[in-house]
Amino acid sequence: SNRLEEVEAGLGHDPEEVYTQYPDPRRDPWRALVQPVLKDIPAKRLAEETGLAMSTIKAARNGHTVPHERNRDALARAAGAFAREPLRERGIEPPADDLAACITHLALRATEQDVGVN
């Protein structure tokens, strides 16, 4: 707390060293966009497409862990590919970016749930 007071008084500590940041999980693209799409994909399909162990896939899908970068990237690519499928089926040109495809998929899914479309 002394260092915090010194930073606020402009006495020379680097604020990055003093302040603790707590990221909002609702703003984390992985948790907000990729993870919900992963839950729509059969675990066996994810294992085949990514080469990851079922335990890694299940932990990632259930939010028990955020996989390390390489696995997270592989899962995001699989989620993006999966998200594009229903978009194409509905005649919607899907975004090339995986996160954008996930956003579009989730928005379409929410809209269809609101109006009772399967």
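Just so it is clear, the values below take in all heavy atoms, side chains as well, and ignore hydrogens, waters and symmetry mates. Numbers here are sequence positions counted from 1.
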Student: Looking at residues at least two apart in the chain, or sitting in another chain, which of them share a side chain to side chain donor-acceptor pair (under 3.5 Å) with Arg72?
Tutor: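 Applying side chain to side chain donor-acceptor pair (under 3.5 Å) to Arg72 gives none.
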Student: Kindly give the heavy-atom pair with the smallest separation between Arg61 and Lys39, and that separation in Å.
Tutor: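 It is O-CE, 2.8 Å.
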Student: Let me confirm one number: the CG-CG distance from Leu52 to Leu75, rounded to the nearest 0.5 Å.
Tutor: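 If I round to the nearest 0.5 Å, the distance is 5.0 Å.
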Student: Which residues satisfy the side-chain contact (heavy atoms from CB on, under 4.5 Å) test with Ala81, sequence neighbours excluded?
Tutor: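 Testing Ala81 for side-chain contact (heavy atoms from CB on, under 4.5 Å), a comparison that skips the adjacent residues, returns Arg84.
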Student: Suppose we screen for side-chain contact (heavy atoms from CB on, under 4.5 Å). Which residues come up paired with Ala79, at least two apart in sequence or across chains?
Tutor: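 Residues passing side-chain contact (heavy atoms from CB on, under 4.5 Å) with Ala79: Val34, Val37, Leu38, Cys102.
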Student: Quick test of your reading: applying side-chain hydrogen bond (donor to acceptor under 3.5 Å, both in side chains), list the pairs with at least one residue in residues 49-59, sequence neighbours left out, ordered by first then second residue.
Tutor: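 Passing the test, one end in residues 49-59: Arg45-Glu49.
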Student: Tell me, do Pro36 and Leu106 make a side-chain contact under 4.5 Å, heavy atoms counted?
Tutor: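 With C-beta onward as the side chain, the pair touches.
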Student: Could you check Gln35 against Asn62 for side chain to side chain contact (heavy atoms under 4.5 Å, CB included), going step by step and ending with a plain yes or no?
Tutor: CA-CA 8 Å; Gln35 197 174 38; Asn62 294 329; over 6 Å; no
Student: Among all residues two or more places apart in sequence or in another chain, which pass the side chain to side chain donor-acceptor pair (under 3.5 Å) test with His68?
Tutor: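 Asn71.
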Student: Between atom CD1 of Ile41 and atom CD of Glu85, what is the distance when rounded to the nearest 0.5 Å?
Tutor: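 Ile41 CD1 to Glu85 CD: 8.0 Å, rounded to 0.5 Å.
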Student: I need the minimum non-hydrogen distance between Pro29 and Leu99, along with the two atoms involved.
Tutor: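 Closest heavy-atom pair between Pro29 and Leu99: CB-CD1, 4.1 Å.
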Student: Nearest heavy-atom pair of Pro67 and Trp30: which atoms, and what distance?
Tutor: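 Scanning both residues completely, I find the closest heavy atoms to be CD-CZ2, 3.6 Å.
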Student: Quick one: pull up CD1 in Ile57 and CD in Glu48 and give me the separation to the nearest 0.5 Å.
Tutor: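 One finds 9.5 Å between CD1 of Ile57 and CD of Glu48.
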Student: Could I get the full list of salt bridge (charged side-chain N to carboxylate O under 4.0 Å, His left out) partners for Asp40, not counting sequence neighbours?
Tutor: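 For Asp40 the salt bridge (charged side-chain N to carboxylate O under 4.0 Å, His left out) partners, ignoring immediate neighbours, are Arg109.
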Student: Asp97: which residues meet the side chain to side chain donor-acceptor pair (under 3.5 Å) condition with it, sequence neighbours left out?
Tutor: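 Result, side chain to side chain donor-acceptor pair (under 3.5 Å) vs Asp97: none returned.
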Student: Starting from Ile92, walk the hydrophobic network (Ile, Leu, Val, Met, Phe, Trp, Tyr; side-chain heavy atoms closer than 4.5 Å) and list everyone else you reach, by chain and number.
Tutor: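 Reading the cluster by chain and number, Ile92 sits alongside Leu87, Leu108.
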Student: Between Met54 and Leu46, is any pair of side-chain heavy atoms under 4.5 Å apart?
Tutor: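 No; the side chains remain at least 4.5 Å from each other.
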